[in-house]
Amino acid sequence: MKPPRRLLAWAVRNLSKMFPSKSTEKREMKHLSDQELMRLVQAGDFSPASEIYDRYSSRIYNFAYRFLRNSEAAEDATQEVFVKMLKHANQFHGDAKLSTWLFSITANWCRDYLRKADNRAKDSEDVLVTLPAPSEFSPDRTLEQRENQLRIQKALTALTPEQREAILLSRYQGLSYAEIAQISGCSEGAVKTRVFRAMETLKKALAGERGGDRCLNAI
Amino acid sequence: MSECDLMRESMPLLLSESLDPARRELSHQHIEQCAACNREWLAYRETWRMMGDLPEVEVPARVRERFLASIPTVDEVVVPFRKRPAARWLAQAAAVVLLVGGSYWIGHRGAAVRLQPTPATINAVAPYSIAESRVLPARSVSPNIEGRPDIQNVSFNDPNPNDSEIGLSFDITSHVTVTGKPTDKSMVRLMRYVLENEDRMSPNRSRAIDWVRATYSQPGNADPEIAEALGNVLRNDEHQGVRIKAAETLNRMPGAMAFETRAALIQALKSDPNPSVRLKAIEALTSLARSGVTLDPAAVDMLRQKASQDDENLYVRVKAAEALSNIHP
Ligand SMILES: [Zn+2]
């Protein structure tokens, strides 16, 4: 580039109304891709933080909550993942998917959390958070749904952390085995095996319960 | 492993619809013909469906608040404004420039460039002196400009023509020079601020635009915020000469900036009172189309409208028609 060499001196006297407000900036952020937002963060501009949070917090929080079954830990995980994203923005490569990177940080956090012996003890918080039942469902269906939720949560806890990580990312986050392999730091073959074993366990756990239901219904 | 074992291992992939079409087809054929796998498949499918009953939990609002509150505030420095008559000074007192050690926050806390905050009472503000001069690297300055600081005596400079760094100097309470690459976000934001807030009556805005053109029309330096700021000048400046310059400069922006510039150009073509500005807008839209940007229907419509508008300046009508023939040969 060739900027003019001479000094251009001029005065700024009045302030105009043209400077964009925060809300304009926020609106503009919506148009930017994940990669563009991260480029700003990498340049030391943290103003995209809330936009990135809004795009991914729900997925991160739900993953952590299902993984750890502890809402307090899920909150901490979410907080720390996004802070880490700002602090270590330079480790994010523009050609990667932001979701994959964020899930890598989250999964790491969750694994660390489980490794601490104290946390394993208070691991299963038996609180079941349910959404209000949609009105079109019959009471039977609602009851069945709630029972299913409890069973699934229990069945998920019975999995090994590796299997749980793999099945949560595959079933609820819709990630490919290649992405999961990157997040979990293993081969795609290992992901395939983990998901398969997780499904085998879940199938048995859930089918057993269902069988019981049928007997009850038949009486 | 038997075919059935292999089949079962890929059932989760079949459920998440991530098998390629050929393997999906093969799997379904096997499942239809093999009773054992069929049973397994139904059980898998039911398990997968039941898993869908697990609800999405809403993230508590406090998590968001906590995160946003934790975004670095460590190296914030408040620069008070230059002393001025009391009433105006008080009105301005709420507006502050925050110079935040943005990139320094990470691992360089000690190295952040700091300005000492001055207590915010009128008496305590030291008289302004040009002798106080500070140089700040752009990367140590937050790109977020808070409030509307009254910056004065803005100048652009190129301290060392052999590197890619530029400098932007101005007075707040002291004379500040921010140096850095044209693409540093803080430099872009300052430039944008200067472009959009410069005194309308000053003939110097057009010189600022010249400078922006020389610096930011190169593809490597192009920045959407600069393009947007130029668009705002084109929309709002009361001087036709400045608007013409803004349109000309937009014409020089790389096609990648089309998203930011198009709307301002269409608006100028539609309603700028000066035919020369409308002509420049047509030229810029034509360049965009030539650079491979697909013009949106609004731009094409506006060109059609102008080409056929009876009371439009004849030269503008001809140019609009020419542009259309260039866009649709
Ligand atoms: Zn079979």
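Note that these values count all heavy atoms, side chains included, but never hydrogens, waters or copies made by symmetry. Chain identifiers are assigned alphabetically (A, B, ...) following the order of the sequence lines, protein sequences preceding nucleic acid strands; residue numbering begins at 1 within each chain.
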**Message:** For a 4.5 angstrom cut-off between non-hydrogen side-chain atoms, does A:His31 reach A:Glu36?
**Reply:** no
**salt bridge (charged side-chain N to carboxylate O under 4.0 Å, His left out) partner of B:Asp223, chosen from B:Arg192, B:Lys185, B:Arg189** = B:Lys185
**Prompt:** With chain B, which of A:Ile152, A:Asn62, A:Asp76 has the greatest number of heavy-atom pairs at distances under 4.5 Å?
**Reply:** A:Asn62
**Option that, when pairs with chain B are counted at under 4.5 Å, heavy atom only, ranks first among A:Arg171, A:Arg59, A:Arg39, A:Glu75** = A:Arg171
**Mutual orientation of the aromatic rings belonging to A:Phe63 and A:Phe103 [parallel < 30°, tilted 30-60°, perpendicular > 60°]** = perpendicular
**Request:** Working to the nearest 0.5 Å, report the span between CZ of B:Arg252 and CZ of B:Arg213.
**Result:** 5.5 Å
Checking heavy atoms, do the side chain of [X], its backbone, both or neither come under 4.5 Å from chain B?
X        : answer
A:Ser176 : neither
A:Phe196 : both
A:Leu156 : side chain
A:Arg66  : side chain

**Message:** Looking only at heavy atoms and a cut-off of under 4.5 Å, which of B:Pro60, B:Ser186, B:Ser16 has the most pairs with chain A?
**Reply:** B:Pro60
**Message:** Between B:Leu68, B:Thr183, B:Asp184, B:Val59, who has the most heavy-atom pairs with chain A when the cutoff is under 4.5 Å?
**Reply:** B:Val59
**Prompt:** Side chain, backbone, both or neither: which part of B:Arg8 has a heavy atom under 4.5 Å from chain A?
**Reply:** both
**Request:** Under 4.5 Å heavy-atom distance to chain A, tell me which part of B:Leu15 shows up: side chain, backbone, both or neither.
**Result:** side chain
**Message:** Please tell me whether B:Tyr44 and A:Glu200 have a donor and an acceptor in their side chains that are separated by less than 3.5 angstrom.
**Reply:** yes
**side chain to side chain contact (heavy atoms under 4.5 Å, CB included) partners for A:Leu98, two or more places apart** = A:Asp34, A:Met38, A:Ile52, A:Tyr56, A:Phe92, A:Trp101, A:Leu102
**Request:** Could I get the full list of side-chain hydrogen bond (donor to acceptor under 3.5 Å, both in side chains) partners for A:Trp109, not counting sequence neighbours?
**Result:** A:Glu80
